Amino acid sequence: PGSVSTSSSARSMSSYDEQLKTYYGQGQQQVQSPYVNGSAEPAPEPVTTTTTTTMNGAPEMPVVPVPAQPPAPVAVAPPPPVPAQPQPTTTAMTTSSGAIDVNSESSGIPAAGIAFLGLPLWLLLSVQVFQGPNNMAVNTVPQAPPAPIVATAPANTLAMPQIPATGVPTAASNAGVVVLSQPITKAEVRNLFELWNDALKTGDPGTVAKRYAKDGVLLPTLSDVPRNDFEAIKDYFVGFLSKMPTGKILEGEIFVGNNWAQDAGIYEFTFNDGSKVKARYSFVYVFEDGQWMISHHHSSLMPQETVRPVKVTEQEVRGFFDLWNQALATGDPQKVADRYSKDAVLLPTLSDSARYTNERIADYFVGFLKKKPQGEILEGNIKIGPNWAQDAGIYEFTFEDGSKTKGRYSYVYTYEKGEWKISNHHSSIMPEPAVAAFKKVGELEKSAEASAAFMDKIANMEKKFAEVESKISGMEKTVSAEKAYAPSIEI
């Protein structure tokens, strides 16, 4: 009799090897669940036990092969659910003392030991499968990405993201830190004009220039040169402030954006001489260094009020004198004065006073029109410019009594509100006859002085003759008295 080997339900070495090869051979395939038909209890695995009987009939201890240790795990994954204890089998193990019934209550300790030794093997096997060297993931749980690091920005600021690098050349750059939106109402935007207007009232160009932003731009009303810096803006207001302007917005539209605002419309300026002028405006304000500043200021003349050059001929210019002469024929001083422009100047022929207003011009013609003059241009020279014309020469007036007088004239006409008016009128007497008259008067005065001296001499001679006659008369009286006394003596 020799050794007899029998196959039992004990776990054998070959079953572990086959299972490992199966796991590694499947790659990314799902490992078959140890649970059968959705049962909560795992299916019992066959266990093969080899019992050897010695020559003397005494049974030897069964040999239970132990599988080799798998490689150490790379990372620890959550262990799979621990399978429930397998149901006791009816397999009997033979020992040296006799057969052991694993179904009996006395065999609970060896079964618990087998389960205790098998649990670590299951853990190592599951780690190798889930996190093995070939990274075979079975039912792996995706790991959450790391939480982004959030940088805390200062209050009222927003950190701008970096511009991603591209292969296309660009001049764009990071904006850095942008100030968050500064709230402002439309009423507050309109009040920003008043701050600028108050700066005008100071008369200081530097104070006005400080109302503009660091990179402010001024396109002024009466200058062709854009002003792009503090000094250039200040330079413009040196001349403008000499007129002592005060501004007022007549109408405008306001738009509010993110840290900027726009106010555009029509404003009017009143100057120290009382004159007024309208213009169109555009203000763009930006919030800079904690203040609202003027980033852009564009001012322009009213296009419909800006008079374009009107074509006029020399014949038409000479006809302007005829209009003035016809006004003289009416005998109405005001109608004559209406031929002069708003700011006209009259230097009259027979008055030392210059006339700068319409009322003073009309006053001069009150006396002049009493002689019922009619004028005629004898000779003259005409020059024409853009919306102005000049006519200068000699004219002659004939009066109601038939007398005539010549004079020199200068007329400057301007185109005002659709009509040609006299802007400047200078009239003077002919200088040569006047000089001759002055000489004659001088000679007459000298003759008068000589005559007066002669008359004084004659008066003195007459006075002396009277004194002589008085003496003679006294002598005659004396002689007569002497004759009267002589006869009386002879008797």
Side-chain angles (χ1 to χ4, degrees), residues 154-157 175-307 342-343 356:
N156 294 330
T157 62
V177 178
V178 177
V179 179
L180 296 179
S181 179
Q182 179 68 22
I184 187 171
T185 65
K186 290 187 175 182
E188 291 172 334
V189 173
R190 179 54 53 82
N191 191 56
L192 295 176
F193 171 82
E194 297 302 330
L195 295 179
W196 179 79
N197 198 32
D198 291 342
L200 295 181
K201 296 176 183 178
T202 65
D204 181 13
T207 301
V208 181
K210 289 179 181 178
R211 290 299 310 148
Y212 291 78
K214 295 176 182 177
D215 297 326
V217 176
L218 168 64
L219 302 178
T221 314
L222 302 176
S223 175
D224 295 339
V225 181
R227 313 299 172 114
N228 302 319
D229 54 50
F230 179 85
E231 292 299 329
I233 294 173
K234 176 182 175 182
D235 175 73
Y236 174 76
F237 286 105
V238 170
F240 186 70
L241 293 182
S242 63
K243 304 176 183 180
M244 302 176 65
T246 300
K248 178 177 67 172
I249 290 180
L250 302 181
E251 60 179 274
E253 184 71 19
I254 296 174
F255 180 83
V256 177
N258 186 5
N259 283 344
W260 68 274
Q262 171 186 289
D263 189 357
I266 298 174
Y267 53 13
E268 182 181 62
F269 291 95
T270 302
F271 302 98
N272 59 338
D273 60 357
S275 61
K276 296 184 178 182
V277 64
K278 293 180 182 179
R280 300 180 299 173
Y281 73 88
S282 293
F283 285 102
V284 177
Y285 303 98
V286 296
F287 193 70
E288 180 180 275
D289 296 334
Q291 298 185 72
W292 287 96
M293 308 294 286
I294 302 171
S295 175
H296 178 87
H297 179 193
H298 187 167
S299 183
S300 61
L301 297 172
M302 302 293 289
Q304 294 180 351
E305 294 184 9
T306 303
V307 181
K342 181 180 179 181
D343 299 322
Y356 300 108

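All values derive from a computational prediction rather than experimental measurement.
Expressed to the nearest 0.5 Å, how far CG of Leu218 lies from CZ of Phe237 amounts to 5.0 Å. If you take CG on Leu192 and CG on Asn197, they are separated by 12.5 Å, rounding to the nearest 0.5 Å. Ile254 contributes atom CD1, which lies 7.0 Å from atom CD1 of Ile249 (distance to the nearest 0.5 angstrom). In this structure, His296 NE2 and Gln262 CD are separated by 9.0 Å, a value rounded to the nearest 0.5 Å. Between the CG atom of Asn191 and the OG1 atom of Thr185 there is a distance of 9.0 Å, given to the nearest 0.5 Å. Glu288 contributes atom CD, which lies 13.5 Å from atom CD of Gln182 (distance to the nearest 0.5 angstrom).
A side-chain hydrogen bond (donor to acceptor under 3.5 Å, both in side chains) check over residues 209-221, counting only residues at least two apart or in different chains, returns the pairs Trp196-Tyr212, Tyr212-His297, Lys214-Asp289, Thr221-Ser299.
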Exercise. Would Leu195 and Trp292 satisfy side chain to side chain contact (heavy atoms under 4.5 Å, CB included), going step by step from the backbone distance to the final call?
Worked result: CA-CA 10 Å; Leu195 295 179; Trp292 287 96; over 6 Å; no

For this session: Take Val208 and Leu241 through the side chain to side chain contact (heavy atoms under 4.5 Å, CB included) test and state the conclusion after the steps.
Result: CA-CA 10 Å; Val208 181; Leu241 293 182; 4.1 Å; yes

For this session: Walk me through it: do Asn259 and Ile184 pass the test side chain to side chain contact (heavy atoms under 4.5 Å, CB included)?
Result: CA-CA 8 Å; Asn259 283 344; Ile184 187 171; over 6 Å; no

For this session: Check the pair Val189, Phe283 against side chain to side chain contact (heavy atoms under 4.5 Å, CB included), reporting the backbone distance first and the verdict last.
Result: CA-CA 10 Å; Val189 173; Phe283 285 102; over 6 Å; no

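For the pairing with Trp260, the ring pair (Phe, Tyr, Trp, His ring centres under 6.0 Å) check across Tyr285, Phe255, Phe287 returns one residue only, Phe255.
No more than 12 heavy atoms of other residues, nucleotides or ligands sit less than 6.0 Å from atom OH of Tyr356.
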